[in-house]
Amino acid sequence: MNWRRRTMYIRKEISKTEAVKYFTDKNDEYKLDLLGGLSDGEITFYTQGEFTDLCRGPHIPNTGMIKAVKLTNIAGAYWKGDEKNKQLTRVYGVTFPSQKELDEHLAMLEEAKKRDHRKLGKELSIYTMDDDVGPGLILWMPNGTIIIEELEKLAKETELDAGYKRVVTPHIAKESMYITSGHLPYYAESMFPPMEMDGEKYYLKAMNCPHHHKIFAAEPKSYRDMPYRIAEYGTCYRYEQSGELFGLMRVRCLHMNDAHIYCTKEQFAQEFKAVNDMYLKYFKIFGIDKYVMRLSLHDPEKLGQKYVNEPELWLETEELVRNVLIETGVPFVEVKGEGAFYGPKIDVQIWSAIGREFTLATNQVDFAQGRRFKLEFTTQDNTTDTPLIIHRAPLGTHERFIGFLLEHYAGKLPVWLSPVQVKVLPISDKYIDYAKQVSLKLKKADIRAEVDERNEKIGKKIRDTELLRVPYMLVIGEKEMTEGMVAVRRQGKGDTGTQTVDEFIHAISGEITERHDN
RNA sequence: GCCACUUUAGCUCAGCUGGUAGAGCAACUGAUUUGUAAUCAGUAGGUCGUUGGUUCGAUUCCGACAAGUGGCUCCA
């Protein structure tokens with residue numbers, strides 16, 4: 001197509017008979033397939049020069065308006081987005097009204113790549129993967145492990161405050177439990193194949209809920225025990241298809257910020273709302289604002305296949321969840337066919353640096369598993385009832401959450417999450433002893449500090465430390481040593497003047513315990 | 001899993017049409033003793049993802065497998 005020459009795009013409404021004839025003559029099975037789903041009055045053709053095609057439009061008036069084009073990538077795509085269909089080749093491209101805007105767009109994409117968690121994860125020694133370990137299996141390096149432990153600390157504090165109790169469960173379970181839970185028929189293809197021991201099949205757990213249900217069931221419960229909230233950073237294994245794996249965002253072994261709340265129908269709305277509030281509290285800590293809350297509903301056409309066949313319960317609980325969202329005042333979108341098999345949910349959707357969409361956190365209703373596991377509690381009038389269950393993971397999984405945080409902060413983690421919080425930089429080796437004293441004092445105040453003892457110039461030490469995104473650098477030379485001070489440099493902000501060690505410890509400790517968001 | 005592409009030193013990458021490999025940074029050694037984003041010199045480091053094939057000869061050409069990447073499908 002020569003788009004530098006100005007040709008008009010001509011729109012023409014056409015009858016179905018005529019359209020079918022046109023594409024039959026051209027022997028175009030795909031357009032004929034599309035026409036099958038269209039009727040008279042909604043069929044339009046567009047013609048540009050000698051090229052005519054079926055298209056709903058709209059189009060720009062003429063090719064002269066196209067100023068800058070770049071073909072970006074090429075990929076296979078299933079016809080009509082269904083993997084049962086044949087795969088066609090799709091060519092992707094972008095166009096802008098001017099070359100300048102195109103260049104800006106491309107520069108923006110380059111910038112985005114710099115904050116890709118896979119690049120940062122390597123640069124900052126957060127995690128690694130290894131062929132001998134396997135695809136999608138993350139090895140958390142010491143730096144990444146510090147982040148994990150800080151997140152778990154936050155979760156424990158928050159959950160303790162919210163009345164949760166902590167539990168620990170094994171990584172495997174017998175087949176019978178997943179038949180009870182319904183995961184096996186509904187979820188089998190996402191689970192690792194079973195291993196056999198003593199004539200029994202064992203599965204790696206793909207989720208923690210069944211194990212937690214067993215804890216609920218272990219002792220009799222009464223309405224006085226409700227709501228019963230149990231939490232665990234549970235390790236799950238999911239057999240994601242090889243092509244779906246993506247850095248930390250999509251892996252095969254994941255650590256979920258999981259918890260289950262067993263409650264009565266009367267308690268449900270309040271409990272569900274409390275979970276939602278917990279999300280918002282967390283998002284405030286991390287300064288997360290670019291997300292979309294998605295109310296994920298069932299698809300009535302797939303009842304009994306993808307979704308448990310309880311049409312009234314679906315509608316009832318969906319209404320409850322919708323009300324919580326409306327009450328909270330958080331904007332949300334509703335999407336049919338995204339619910340879990342056991343109930344509707346609220347998903348928090350975020351986008352990776354390269355623009356891929358992920359569910360970061362999830363808050364789910366479950367009206368099915370309570371019955372499947374025959375969970376019950378004694379009511380006030382001495383009858384029994386089945387609890388409603390809330391599955392929630394506000395911090396998602398360590399893998400996805402840390403992947404997200406790396407991109408969100410462009411590697412510049414807030415001080416409380418930084419693997420190294422302070423780097424002490426002696427100007428020459430004459431000051432190493434004093435630097436070590438300072439570092440020791442910081443460590444005693446629970447601050448993660450290191451000394452750069454390398455025989456390098458201060459400029460080099462600063463540069464390397466800046467690149468590692470260590471939030472605070474303490475430059476130490478003759479002046480600081482004799483006066484018992486430190487020269488404080490904040491990552492990305494430069495020299496901020498001198499302080500006594502105690503002043504510095506006081507300031508940074510506050511920043512850490514209050515979890516300042518940079 | 002499907003379509004396409006990629007895989008060379010710890011990292012980032014060179015290596016025209018086949019003749020067993022280079023750079024910068026990092027590492028190590030030495031010199032230098034440094035004041036807010038890279039001091040200098042030297043040394044070491046690779047059966048070129050794995051495995052078959054073609055060839056006198058393969059990092060280079062072809063196939064299979066693996067991992068990664070861009071999408072599709074799927075998902076926390």
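Just so it is clear: chains get the letters A, B, ... in the order the sequence lines come, proteins before strands, and each one is counted from 1. The shown structure was predicted, so the numbers you read here are calculated from the model rather than taken from an experiment. Only heavy atoms go into these numbers, but all of them, side chains included; no hydrogens, no water, no symmetry mates.
Nearest to the side-chain atoms of A:Val475 among the listed nucleotides B:A76, B:G35, B:A37 stands B:G35.
At a cut-off of 3.5 angstrom, the base of B:A76 holds no donor-acceptor pair with the side chain of A:Arg392. Contact of A:Arg250 with B:C74 (side chain to base): a donor-acceptor pair of N or O atoms is detected under 3.5 Å. Judged by distance alone, with hydrogens and angles left aside, A:Glu240 brings a side-chain donor or acceptor within reach of the base of B:A76, the pair sitting under 3.5 Å.
Taking atom C1' on both B:U59 and B:G49, the two are 12 Å apart, rounded to the nearest angstrom.
Ring pair A:His171/A:Tyr237 is tilted by interplanar angle, where 30° to 60° counts as tilted. Classification of the A:Trp314-A:His298 ring pair by plane angle, with boundaries at 30° and 60°, yields parallel. The aromatic rings of A:His183 and A:Tyr187 stand perpendicular to each other, their planes meeting at an angle above 60°, with 30° marking the opposite boundary.
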### Query
Tell me, for nucleotides 66-71 of chain B in 5' to 3' order, what letter each nucleotide earns: B for a base near a protein heavy atom under 4.0 Å, S for only sugar-phosphate near one, - for neither?
-SSSBB

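Considering only side-chain N and O atoms, A:Lys457 lies nowhere under 4.0 angstrom from the phosphate OP1 or OP2 of B:U36.
Side-chain contact check for A:Tyr262 and A:His213: at least one donor-acceptor pair (N or O, by modelled atom type) lies under 3.5 Å. Side-chain contact check for A:Ser125 and A:Asn143: no donor-acceptor pair (N or O, by modelled atom type) lies under 3.5 Å. No hydrogens or angles considered: nothing links the side chains of A:Asn276 and A:Glu271 as a donor-acceptor pair under 3.5 Å. No side-chain donor from either of A:Glu240 and A:Ser190 sits under 3.5 Å from a side-chain acceptor of the other.
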### Message
If you apply the rule ring pair (Phe, Tyr, Trp, His ring centres under 6.0 Å), what do you find for A:Trp351 with A:Phe358, and how did you get there?
### Response
CA-CA 6 Å; A:Trp351 287 265; A:Phe358 288 97; 10.0 Å; no

Nucleotide N/O to protein N/O under 3.5 Å, stretch nucleotides 25-27 of chain B:
unit_1 : atom_1 : unit_2   : atom_2 : d
B:A26  : OP1    : A:Lys460 : NZ     : 2.7

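Each of A:Tyr187 and A:Glu480 was assigned the nucleotide of RNA chain B with the nearest heavy atom; the assignment lying further toward the 5' end belongs to A:Glu480.
A salt bridge between A:Asp33 and A:Lys80 is present, with a side-chain N of the basic residue lying under 4.0 Å from a carboxylate O of the acidic one.
Taking 4.5 Å as the limit, some side-chain heavy atom of A:Phe286 sits within range of a side-chain heavy atom of A:Leu395.
RNA chain B lies under 4.0 Å from at least one heavy atom of each of the following residues of residues 427-437 of chain A: A:Ile427, A:Ser428, A:Asp429, A:Lys430.
In this structure, A:Tyr279 places its OH atom 11 Å from P of B:A76, rounding to the nearest Å.
Taking the ring centre of A:Phe192 as origin, the terminal cationic atom of A:Arg238 falls outside the region bounded by 6.0 Å and 45° from the ring axis.
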